Amino acid sequence: MSLEALNKRVEQDLSYLAFGGPDWVRVTKHPEGHVYDAVIVGGGQSGLSTAFGLLRERVSNILVIDENKEGLEGPWETYARMVTLRTPKHLTSVDLGIPSLTFRSWWEAQFGPEGWEQIDKIPKGDWMNYLRWYRHVLKLPVLNEVQLNLVEPIDRGIHRLHLGGNGAPSKSILARKVILATGIQGGGEWHVPPMIADHIPKTLYAHTSETIDFETLKGKKVAILGGGASAFDNANFALTEGVGEAHVFVRRKEMPRINPIRQMEASGLIERFPALSDEDKYAAIAHFFKHNQPPTNDTFERASSWDGFHLHLGSPWLDVKEENGKAIVTTPKGTFAFDFLIISTGLLTDPALRPELQLVEQHIARWGDEYEAPEEVANPVLDAHPYLTSGFAFMSRDENGSAPLHGLFAFNYSALISCGISASALSGMKYGVPRLVTAIADQLFQDDRDEILKDFFEYDEKEFVGNWPLNV
């Protein structure tokens with residue numbers, strides 16, 4: 001099969017499912033102009049699959065915006081420096097149950113069933129190419145180089161979205177529902193410890209999420225802080241790009257060996273997570289954070305095979321300073337000088353860190369507002385996460401917040417405690433996207449409930465035209 005043949009198969013499969021039927025959502029009018037029923041912020045895998053899900057629900061007055069250039073959405077061609085995805089290749093995700101839309105179908109259309117059997121994990125670049133194809137074959141309405149600067153709630157459940165970027169169609173657009181499909185950093189910001197950020201110049205360090213000019217680091221000595229999968233991705237990538245030495249520093253005395261996501265994939269914990277009590281949700285994610293995500297075995301083997309690779313266990317950074325253009329790092333096991341530091345310390349999640357939410361964040365309920373965790377698991381990092389509905393909608397911590405928050409959804413990493421591994425990993429997208437889409441469609445329906453029911457009760461169009469007796 002060719003890609004052209006697969007495209008026709010996708011079209012046929014969707015036609016069998018009556019995809020693209022007439023919208024049921026009522027048109028909303030506003031003096032400022034067109035009102036979208038939903039605007040999805042983020043054109044990566046989460047945003048694209050959400051758009052597809054809404055179209056399947058006959059909600060087509062939608063728009064997807066992404067701040068990046070077309071084809072560069074998400075992390076895959078920018079800061080994701082792994083060779084392959086970390087998830088097992090057989091897991092399905094953005095296809096939403098349509099076999100012809102799976103990555104496997106796309107792969108086999110080009111390389112055949114034998115090619116599928118030959119790969120262990122999905123190559124990162126091929127995953128991005130698959131997402132580009134997915135967007136194209138489904139004709140999803142995406143505008144690139146458009147940045148959301150501010151969400152401004154206005155009258156009648158409508159939000160004015162203030163936009164920037166070269167691709168912005170106007171300074172603002174209107175939307176009934178706003179879905180923040182903004183990825184791992186979309187619920188907060190990447191974190192660099194103050195010990196580093198406050199004591200050495202920015203020219204000596206970068207977070208793993210940033211662009212790094214590895215050309216200038218060829219032959220140089222680099223330190224990487226962090227023991228998770230991303231740290232080893234960056235070590236291997238740096239050495240591949242010609243860095244002389246890559247030293248990975250891990251505070252633990254032993255490498256993490258357990259990946260709790262593998263257990264969650266098999267146990268029902270991903271798909272049924274929203275059914276748990278708050279106590280169980282908090283305890284489960286606290287346990288998840290404790291284990292971290294270790295590097296895949298193949299990533300560790302690739303990184304450690306380089307002569308320039310060094311691993312420092314039991315070596316938290318106690319002090320960082322600059323001397324003669326070098327970054328001087330002190331650990332319990334000694335002091336080291338480096339030409340550059342790569343920081344793999346993850347992120348902080350808190351709606352207060354998101355500039356686009358500055359008009360509403362004070363109303364957003366956090367886990368710390370709704371649940372008092374036992375001392376043995378309590379964690380201020382978890383407490384700062386937004387407390388969401390099972391359909392990813394923000395909830396208000398006060399009476400005044402219900403109206404401005406109505407219609408705002410967080411389908412990003414900040415949903416982790418409320419909704420589990422759903423918007424934050426491929427393993428959970430096949431379960432999370434349908435829940436999100438149902439919640440959006442239900443809310444649109446309830447918003448127009450009175451008019452919909454009025455039309456139903458007044459409906460009197462005659463369908464049956466038969467007569468009896470037949471000769472009359």
Side-chain angles (χ1 to χ4, degrees), residues 7 10 14 19-20 23 25 27-30 32-79 94 96 101 127-154 158-187 354-357 359 392 407-412 423 429 433 436-437 440-441 444:
N7 292 347
V10 170
L14 293 178
F19 177 75
D23 267 24
V25 185
V27 175
T28 300
K29 296 182 179 180
H30 193 275
E32 290 186 22
H34 182 78
V35 180
Y36 289 99
D37 292 321
V39 170
I40 302 162
V41 184
Q45 57 201 24
S46 293
L48 295 179
S49 54
T50 299
F52 176 46
L54 286 171
L55 292 173
R56 288 183 67 179
E57 291 290 331
R58 294 189 293 124
V59 180
S60 65
N61 178 26
I62 65 175
L63 180 67
V64 182
I65 61 175
D66 193 278
E67 64 185 2
N68 300 293
K69 293 183 178 180
E70 183 172 349
L72 297 178
E73 304 86 359
W76 308 113
E77 296 288 349
T78 53
Y79 65 84
V94 300
L96 301 186
L101 278 174
W127 179 254
M128 187 66 229
N129 286 332
Y130 162 69
L131 293 177
R132 293 169 179 141
W133 169 81
Y134 178 96
R135 167 181 169 172
H136 170 75
V137 76
L138 292 174
K139 302 179 177 64
L140 299 177
V142 184
L143 286 182
N144 285 92
E145 299 184 68
V146 180
Q147 182 175 352
L148 172 63
N149 293 327
L150 185 69
V151 176
E152 179 189 2
I154 54 177
I158 296 174
H159 300 274
R160 182 185 292 120
L161 307 184
H162 297 260
L163 306 178
N166 295 331
S170 58
K171 291 184 178 179
S172 65
I173 57 176
L174 302 178
R176 296 177 64 185
K177 311 301 170 191
V178 182
I179 300 93
L180 302 176
T182 42
I184 190 170
Q185 80 281 15
R354 301 305 307 174
E356 67 272 17
L357 295 177
L359 297 181
F392 301 90
L408 301 183
F409 297 80
F411 196 63
N412 53 36
M429 291 189 65
V433 172
L436 169 68
V437 167
I440 297 167
L444 286 166

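These numbers come from a predicted model, not from an experiment.
- Formation of a donor-acceptor pair under 3.5 Å by the Glu57 side chain with backbone atoms of Leu55 is not found in this model.
- Annotation: ring pair (Phe, Tyr, Trp, His ring centres under 6.0 Å) contacts involving residues 41-67, sequence neighbours excluded, comprise Phe19-Phe52.
- No donor-acceptor pair closer than 3.5 Å links the side chain of Asn166 to the backbone N or O of Glu145.
- Considering only heavy atoms from C-beta on, Glu70 stays 4.5 Å or farther from Val142 through its side chain.
- In this structure, Trp76 and Gln45 have side chains that are in contact, with non-hydrogen atoms separated by less than 4.5 Å.
- The closest donor-acceptor contact from the side chain of Tyr36 to the backbone of Ile173 lies at 3.5 Å or more, if one exists at all.
- Applying the side-chain hydrogen bond (donor to acceptor under 3.5 Å, both in side chains) criterion to Arg160, with sequence neighbours excluded, gives Glu32, Glu152.
- Here Gln185 contributes atom CD and Arg354 contributes atom CZ; the two are 6.5 Å apart, rounded to the nearest 0.5 Å.
- Looking at every heavy atom in both residues, Val151 comes nearest to Pro153 through O-CD, 3.6 Å.
- A 4.5 Å side-chain heavy-atom check between Leu14 and Leu138 finds at least one atom pair inside the cut-off.
- Minimum interatomic distance between Ile154 and His30 (heavy atoms only, all atoms of both residues): CD1-NE2, 3.9 Å.
- Nearest heavy-atom pair, Leu96 versus Arg56, reported as atom, atom and distance to 0.1 Å: O-NH1, 2.8 Å.
- Listed here is the closest heavy atom pair of Ile62 and Ala51: CD1-O, 3.8 Å.
- The backbone N or O of Thr28 sits nowhere less than 3.5 Å from a side-chain atom of Arg176 that would complete a donor-acceptor pair.
- Summarising the geometry, atom CG belonging to Asp23 is positioned 7.5 Å from atom CZ belonging to Arg58; distances are rounded to the nearest 0.5 Å.
- Pairing each heavy atom of Leu163 with each of Ala168, the nearest pair is CB-CB, 4.1 Å.
- When every heavy atom of Leu140 is checked against every heavy atom of Leu48, the shortest pair comes out as CD1-O, 3.6 Å.
- Between the Asp66 side chain and the Asn68 main chain, a donor and an acceptor come within less than 3.5 Å of each other.
- Looking only at side-chain heavy atoms (C-beta outward), Leu101 and Val94 stay at 4.5 Å or farther from each other.
- The CD1 atom of Ile440 sits 6.5 Å away from the OG1 atom of Thr50 when rounded to the nearest 0.5 Å.
- One distance of note links OG1 of Thr182 with CG of Asn412; it measures 4.0 Å at 0.5 Å rounding.
- Using modelled atom types and a 3.5 Å distance limit, the side chains of His34 and Asn61 yield a donor-acceptor pair.
- When side chains are defined from C-beta on, His159 does not count as touching Val39, because their heavy atoms never get closer than 4.5 Å.
- To the nearest 0.5 Å, atoms CD (Glu77) and NZ (Lys69) are separated by 14.0 Å.
- Rounding to the nearest 0.5 Å places NZ of Lys177 at 12.0 Å from CG of Leu436.
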